[in-house]
Peer 1: 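Just dropping this structure here.
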Protein chains: 2
Amino acid sequence: MTGQVRTVDGRVAGRRGQATRQKLLDCLSEMLSSSPYRDVKVIDVARRAGTSPATFYQYFPDVEGAVLELAEEMAKEGASLTEFVAGRSWVGRSGWQAAEELVDGFLAFWRKHDAILRVVDLGAAEGDKRFYKIRMKILNAVTNSLTDSVKELQAKNKVDKDVNPAAVAGALVAMLAAVASHQKGFQSWGVKQAELKPNLALLVHLGITGKKPTK
Amino acid sequence: MTGQVRTVDGRVAGRRGQATRQKLLDCLSEMLSSSPYRDVKVIDVARRAGTSPATFYQYFPDVEGAVLELAEEMAKEGASLTEFVAGRSWVGRSGWQAAEELVDGFLAFWRKHDAILRVVDLGAAEGDKRFYKIRMKILNAVTNSLTDSVKELQAKNKVDKDVNPAAVAGALVAMLAAVASHQKGFQSWGVKQAELKPNLALLVHLGITGKKPTK
DNA sequence: TACTTGTCCTGTCATGCCGTCAGCTTACCG
DNA sequence: CGGTAAGCTGACGGCATGACAGGACAAGTA
């Protein structure tokens, strides 16, 4: 599709160029993890990458542009979240297992990419369509899959008709995302990591099936 | 307690000073609603308030400092969220009503303060203890109240013993907060405002009581 | 080896925001 | 009316931004 990586002024980036570009992205990612988004400056990223601000501007229009690039990378990896939902059974013992694995996978993914996800979340909440789309891309796979699960259960009369599958699925996914980005916050309520997971799985199971899980 | 409002250099602010200070806060609030947090500059806020940057720095150490002030204001108002939970019964028909009203109140509060809440969320997620505390202050009231409700139901053997009340309450509150800040996002999944609320209430009810509501 | 070509990087510069200070104006009080 | 403290701003050094032209470098060619 897009194929070649291009600089801001239109040239195609070669081997060396792509390396510097990637190094800048890596350094930006580190900076995002260690300092507030608002304080991440082009000059700092460039310095850390052992290059100059001018070089940065050759590959990205601004900090936000580079962040979008990072986010796209992550979104690709996020496709793997689907495997925790697609084609799973939500009845009986396997339903509980599905819930547990979904929670596990979600929290792990979020923890791994927390810095960039914070920024994506902010951008999306501020109404920036580019960030919004990326957030969708990550969450859609899971949400749609869960939506289908609920619809199926509805068809079998195992879930009430007045439940809106998309609303429930979306809310559960939002819950997982929110809990994941504030994982530390739960410790101050006296909730430990290990305790959090089964309780989240319980909520997911309850939400999808309307019933308590059989463990 | 604190009593007087003070300038950065230690003087007490009088009538006129407080007015300017408040005007700066108001303008900052507007700016936060209309442009990305990263792009909110002191000079813009000052200009909008019809004053100079130097004046801004007389009352606030920086943009973040002023935002904290706004957040504190909001947190005070957030205390009113308690009324949607404290002393409510979660059994039978009134349980459903409690869930519905909690969801309603929460969404309304979030929609009203979305701009500042975005920033507080970001700050908290980035590990800034000041923002973190404010977020706590708002959510704690609701979370603790819900936690108590679950504990009560557990004491009456209406909820399983292996449920961690704090974890469930925290997760539900996080869900409400997350859904509230991405309300627009749900529309692209084909979920309308009006449909969202009852489904959220359902999830809350399921989470607290473990049972489907009787409407 | 010398020359050419296109990629890659940086020095430099105009612009604009940051954050501080000295100093001016305004309000209040005896 | 003079003193005092509050209130505001112009001005300034410092730093980030973003654009450009030109130098460094690698690879291919003769």
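Worth knowing before you read on, the calculation uses all heavy atoms, side chains too, and leaves out hydrogens, waters and symmetry mates. Just so we're on the same page: letters track the sequence lines, and every chain starts at 1.
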Peer 1: May I have the distance from A:K41 (atom NZ) to C:dC17 (atom P), rounded to whole angstrom?
Peer 2: 13 Å
Peer 1: For the pair A:W110 and A:F106, name the ring-plane relationship: parallel under 30°, tilted 30 to 60°, perpendicular over 60°.
Peer 2: parallel
Peer 1: Measure CD/A:E64 against P/D:dT17 and give the value in whole Å, please.
Peer 2: 13 Å
Peer 1: By nearest heavy atom, map B:T7 and B:A54 onto DNA chain D; which one lands nearer the 5' end?
Peer 2: B:T7
Peer 1: Take the angle between the ring planes of A:F60 and A:F56 and call it parallel below 30°, perpendicular above 60°, tilted in between.
Peer 2: tilted
Peer 1: Starting the side chain at C-beta, find the nucleotide from C:dT10, D:dG18, C:dC18 nearest to A:D62.
Peer 2: D:dG18
Peer 1: Rounded at 0.5 Å granularity, tell me how far CD in B:Q183 sits from CG in B:D114.
Peer 2: 8.5 Å
Peer 1: Round to the nearest Å and state the distance from A:Y57 atom OH to C:dT10 atom C1'.
Peer 2: 15 Å
Peer 1: I'd like to know if A:R47 and A:D44 make a salt bridge, using a cut-off of under 4.0 Å between side-chain N and carboxylate O.
Peer 2: yes
Peer 1: Nearest 0.5 Å please: distance from the OH atom of A:Y59 over to the OG1 atom of A:T55.
Peer 2: 7.5 Å
Peer 1: Write down the distance between CD (B:Q58) and C1' (D:dA5), rounded to a whole number of angstrom.
Peer 2: 12 Å
Peer 1: Within this structure, what is the CG-to-P distance between B:D9 and D:dT9, rounded to whole angstrom?
Peer 2: 15 Å
Peer 1: Surrounding NZ of B:K137 (heavy atoms of other residues, nucleotides or ligands, distance under 6.0 Å), is the total greater than 12?
Peer 2: yes
Peer 1: Whole Å only: how far is the CG atom of A:D44 from the P atom of D:dC15?
Peer 2: 12 Å
Peer 1: Atom CE of A:M31 to atom P of D:dA16: distance rounded to whole Å?
Peer 2: 11 Å
Peer 1: Using the ring centroid of each side chain, check whether B:F186 and B:H182 are separated by less than 6.0 Å.
Peer 2: no
Peer 1: Got a list of protein N/O to nucleotides 24-29 of chain D N/O distances below 3.5 Å?
Peer 2:
none

Peer 1: Verify the contact: side-chain N or O of A:T55 to OP1 or OP2 of C:dC9, cut-off strictly under 4.0 Å; return yes or no.
Peer 2: no
Peer 1: Using whole Å, report how far CZ of B:F60 lies from C1' of C:dT20.
Peer 2: 18 Å
